[in-house]
There are 2 protein chains.
Amino acid sequence: MKTRLFIVDDHYLVIEGIRSLLQQEEDIEWMGHASNGESCLAFLEKDEPEVILMDISMPGMSGIELCKEVKKRYPGIRILGLSTFNQRSFVEKMIESGANGYVLKNASKEELLKAIQAAKAFKSYLSFEAVEALRNHTEKEVPILTRREKEVLEQIAEGMTNQEIGEKLFISSTTVDTHRKNLMMKFEAKNVAALIHLASKAGMI
Amino acid sequence: MKTRLFIVDDHYLVIEGIRSLLQQEEDIEWMGHASNGESCLAFLEKDEPEVILMDISMPGMSGIELCKEVKKRYPGIRILGLSTFNQRSFVEKMIESGANGYVLKNASKEELLKAIQAAKAFKSYLSFEAVEALRNHTEKEVPILTRREKEVLEQIAEGMTNQEIGEKLFISSTTVDTHRKNLMMKFEAKNVAALIHLASKAGMI
DNA sequence: TATAAAATCCTGTTTTTACAGGATATCAGG
DNA sequence: CCTGATATCCTGTAAAAACAGGATTTTATA
């Protein structure tokens, strides 16, 4: 019995590459692909795959949000996280959101096939690096920010003062200051300069 | 005549995917791949491809450094930047480092082939998004910094205060403050946060 | 060798941030 | 229903940065 596979990734070359890679596999049926969460959900209304390969970082709805949504609507579908990031926080979030496994983009074809087969059998599979990421607490992780913290961070990066941010977001400047404090705690930054530097390196602004 | 192609990327699935995609192409000869800058340079000592597809973000030596090095040692080799980032700074840095083109990972197979053919003919090719990235921010000019200003900027980004920077560079904290003022003037930044943000986007830290 | 650019240093004042140490309301998940 | 996370708000003090407006020395180069 063939495994009905669907893929969601915003990088066309990755999709086409994996498609081409799996085309020669007898036991995989390629159902199609989507380049964002919205079109993935639209596809699922018409047809239901067994396994979805899902990129984490996508424009619009993130893989984590999409994973939650898909699992809520279609609990039978197995989801494999697919990403370039081997950061603990990402792997963790994805598993928490209901993913059955996690494969890094630097995994081998064999590893990918193993993960797909495991997912089909309702088992879980984490690629080696993903397991390492979960084990390795020492590795510097990208902090997970709340909606408000992200908004405040963006405004700080634009050069706005607490007062200006407060006016813009309709909150008190002291509240902005609290968010700022929390941001610096999360990033373990000494001051704004370090905060913006770290956030920028992490690709969050 | 076949195009002798080599690829450098730390994501195995991307390599295998692109290999699989291009295998059916008549006019491309797959020479091999490397997962980092060092092994790429080692390969080039033995054999010389015509075109190298090169990822920008890699562990160890970055694509930008590798590009410079390859162009220095083997000026005849054409290099195509390959990345998920459509940020101006990356595209620009890569071109400055001698790359003949830039293709995003969400490009189509046709676009990739076009870029490879252009590179083979010593022409340049930028994928649509890369051109957009270059066009969108052309107005913003990156300020030219002095040696000292760069040093101070780096220290500021690390979270050091004027006093700490002064001690480290054996100058007065007031001098550091002057450099800071000049940096903010050059970047037209309102405060450190904006300064670090702009400098980071410009790829200067 | 002029001259411009760079690097150094200073005294103030005002504004903003950093840090400490709270409190309250809401809402989702176990 | 309780707990934890989120978001909101507050008072204070100390430290740092931002701003203004200087000056001197060094260094590269036209």
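All chains are named by letter (A, B, ...) in the order of the sequence lines, taking the proteins before the strands, and each is independently numbered beginning at 1.
Taking side-chain N and O atoms only, Thr174(B) has a distance below 4.0 Å to OP1 or OP2 of dC10(C). Applying the 4.0 Å criterion to OP1 and OP2 of dT6(D), one finds that His179(A) has every side-chain N and O outside that range. The side chain of Asn162(B) places an N or O atom within less than 4.0 Å of a non-bridging phosphate oxygen (OP1 or OP2) of dA17(D).
What separates CG of Leu153(B) from P of dA7(C) is a distance of 13 Å, to the nearest Å. Between the CG atom of Leu183(B) and the P atom of dA17(D) there is a distance of 13 Å, given to the nearest Å. Across the protein-nucleic acid pair, Met185(A) atom CE and dT6(D) atom C1' stand 12 Å apart, rounded to whole Å. In this structure, Asp177(A) atom CG and dG21(C) atom P are separated by 15 Å, rounded to whole Å. dA15(D) atom P lies 18 Å from atom CE of Met160(B), rounded to whole Å. A straight line from CZ of Arg147(A) to P of dC27(C) spans 13 Å, rounded to a whole angstrom. For the pair Ile144(A) CD1 and dG4(D) P, the computed distance is 18 Å after rounding to whole Å. Ile156(A) has its CD1 atom 16 Å from the P atom of dA17(D), to the nearest Å.
By the 30° and 60° cut-offs, the orientation of the rings of Phe6(B) relative to Phe43(B) is parallel.
Nearest to the side chain of Ile171(A), among dT8(D), dA17(D), dT17(C), sits dT8(D). The side chain of Ser172(B) lies closest to dC10(C) when the candidates are dC10(C), dT6(D), dA6(C). Closest to the Lys181(B) side chain, of the nucleotides dT16(C), dG21(D), dA17(D), is dG21(D). Among the nucleotides dA18(C), dA16(D), dA18(D), the one closest to the side chain of Met184(A) is dA18(C). Picking from dC9(C), dA18(D), dA18(C) the nucleotide with the shortest atom distance to the side chain of Thr175(B) gives dC9(C).
Checked by atom type, the side-chain pair Asp177(B)/Thr174(B) shows no donor-acceptor distance below 3.5 Å. Under 3.5 Å, the side chains of Lys120(B) and Asn100(B) contain no donor-acceptor pair of N or O atoms.
Within 4.0 Å of Thr146(A), counting heavy atoms only, lie sugar-phosphate atoms of the nucleic acid but no base atom. Using a 4.0 Å heavy-atom distance criterion, Asn182(A) is classed as making no nucleic acid contact.
Residue Glu48(B) qualifies as enclosed at atom CD: its count of foreign heavy atoms under 6.0 Å is above 12.
A donor-acceptor contact under 3.5 Å is formed by the side chain of Thr178(B) with the base of dC9(C).
Formation of a donor-acceptor pair under 3.5 Å by the Asn162(B) side chain with backbone atoms of Ser173(B) is not found in this model.
Residues Glu149(B) and Thr161(A) each lie close to DNA chain C; by heavy-atom proximity, the contact nearer the 5' end of the strand is made by Glu149(B).
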